[in-house]
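Beneath this line is the structure, given in structure tokens, with notes to follow.
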There are 2 protein chains.
Amino acid sequence: MQYIKIKDTIVEQIQSGLLAAGTKLPSERKLAESFKTTRVTLREALSLLEAEGVIFREDRRGWFIAERPIQLDLMSAYHIHTVAQAQGKSASTDVVVSKTVMANKEAAEKMALPPFSEIHHIERTHLVDGRPVMYAIHYVRADSTPSLLDHDISQDLSVIFANTFHLRFAQCTYGVASTSFDKEIAQALRATAGAPALLIARTHADIDGVVQEVVLEHWRHNAVALNVSAGF
Amino acid sequence: MQYIKIKDTIVEQIQSGLLAAGTKLPSERKLAESFKTTRVTLREALSLLEAEGVIFREDRRGWFIAERPIQLDLMSAYHIHTVAQAQGKSASTDVVVSKTVMANKEAAEKMALPPFSEIHHIERTHLVDGRPVMYAIHYVRADSTPSLLDHDISQDLSVIFANTFHLRFAQCTYGVASTSFDKEIAQALRATAGAPALLIARTHADIDGVVQEVVLEHWRHNAVALNVSAGF
DNA sequence: CAGTGGTCTAGACCACGGA
DNA sequence: CCGTGGTCTAGACCACTGC
């Protein structure tokens, strides 16, 4: 089990500080030669390290040492910019899709919408320290927030909801599942299809219990850790 | 990208009902032949399906179609037996380790213990429908629950806490992270080291805010989905 | 354009599971 | 004891990245 040995050696080098977070590893061919093995075996080791969250890959760009994950507290409404800043990182957001459309089946179900409802469909890539780590798909009831898309969509949407539409969320439910990226989302995150991912589905309801927004957050699995607290 | 094709074909067969949950797939060699490819490429496809949670493997036993995951609601104290039952599954528990020892560093930190504190150290394998899906490591303050290990440790511990020690938990915090199994835990779950896993770290405090129990739950990543709700 | 990662082939040996 | 999954070798071609 050579690949275990390779894995441990790389972990060791990271812990000893020889390989800092964000560093790119040498090419697979060079690594394979260093460890006197073939690329297939080397990639086995790298995949293991990826699954552990120690390294990650950028599609066709190579392998990199992972950063410390962002800590998310699900008990308080979060926005990635403020959370990142509080943890000494910087975040930015790219809007990929923003359109107002008839609700698709998925959105209609999750929001319990009447037929032919219009929703805003927004997709954004979120970067932390310049690295794309999360892809979010938003479905927002259009009747409550008619002119939403005229605003700057790259910021915290809840600010727009509050300031412009006097819309506040009273309740939020999360679904969390461990999966992997499909092709489209992987591409948007410069990841590879099949890379491990964490899916956080957020459902926001207003004071009347009406679901106003649903967000599907696809995280690179090593970029995030969740905290939840419950009292009884 | 042949392995995408293979992957899709298998997904198709599952959705069409040809492959029921729990079924074992044919051997890798046979599958490789069916798809006119090599085992390496076939395993690439299978690994992708494993990452997606569609199939899972038992070490040296083969590949199986995944069942529907257990839904866990973190907002209410759960026990796997009752949760499984409510979802039409049956659960059982094997005690692997049960001893009273001096707290190790990990336990002492998480529980804010004074030096030389004694704790109960319990490790259990949890099975759903006969399949090992979760490995739990418990650290329990021994001073609050002196005779804990004399009881039947394979049941819901909180019942023993409540009935025997009049100990109730008032607060629970969770940490959730996506990782992979290390060798020991993989073995206990008949999984392979490096297989994707979900780690849920539970910390239980009593009414006085004293941490009485810490549990590290290592789940097969496709065996569980989390639900959380928060009000503001 | 050189080098890289992504993909694939056609084998091989071993240790373990299950009959 | 047979077949299986786990591991490994030594190559190859292609499309893309980054210079």
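A note on names: the letters A, B, ... follow the listed sequences, proteins ahead of strands, and every chain is numbered from 1. Since this is a predicted model, take the numbers as computed values, not measurements.
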side-chain contact (heavy atoms from CB on, under 4.5 Å), paired with B:Arg124, selected from B:Val96, B:Leu157, B:Ile137, B:Val97: B:Leu157
Side-chain H-bond candidate by donor/acceptor type, A:His81 with A:Thr93, under 3.5 Å: yes
N or O in side chain of [X] less than 4.0 angstrom from [N] OP1/OP2:
X: A:Lys30; N: C:dG3; answer: no
X: B:Thr192; N: D:dG6; answer: no
X: A:Thr38; N: D:dG11; answer: no
X: A:Arg39; N: D:dG11; answer: no
X: A:Arg43; N: C:dG6; answer: yes
X: A:Gln2; N: D:dG6; answer: no
X: B:Lys24; N: D:dG5; answer: yes

Polar pair under 3.5 Å, donor/acceptor by atom type, side chain B:Arg60, base C:dG18: no
Polar pair under 3.5 Å, donor/acceptor by atom type, side chain B:Arg190, base C:dG17: no
For DNA chain D, the residues among residues 48-56 of chain A that have a non-hydrogen atom under 4.0 Å from it: none
Which residues share a side chain to side chain contact (heavy atoms under 4.5 Å, CB included) with B:Ala201, sequence neighbours left out: B:Leu216
Test salt bridge (Lys or Arg N to Asp or Glu O under 4.0 Å) applied to A:Arg68 - qualifying residues, sequence neighbours left out: none
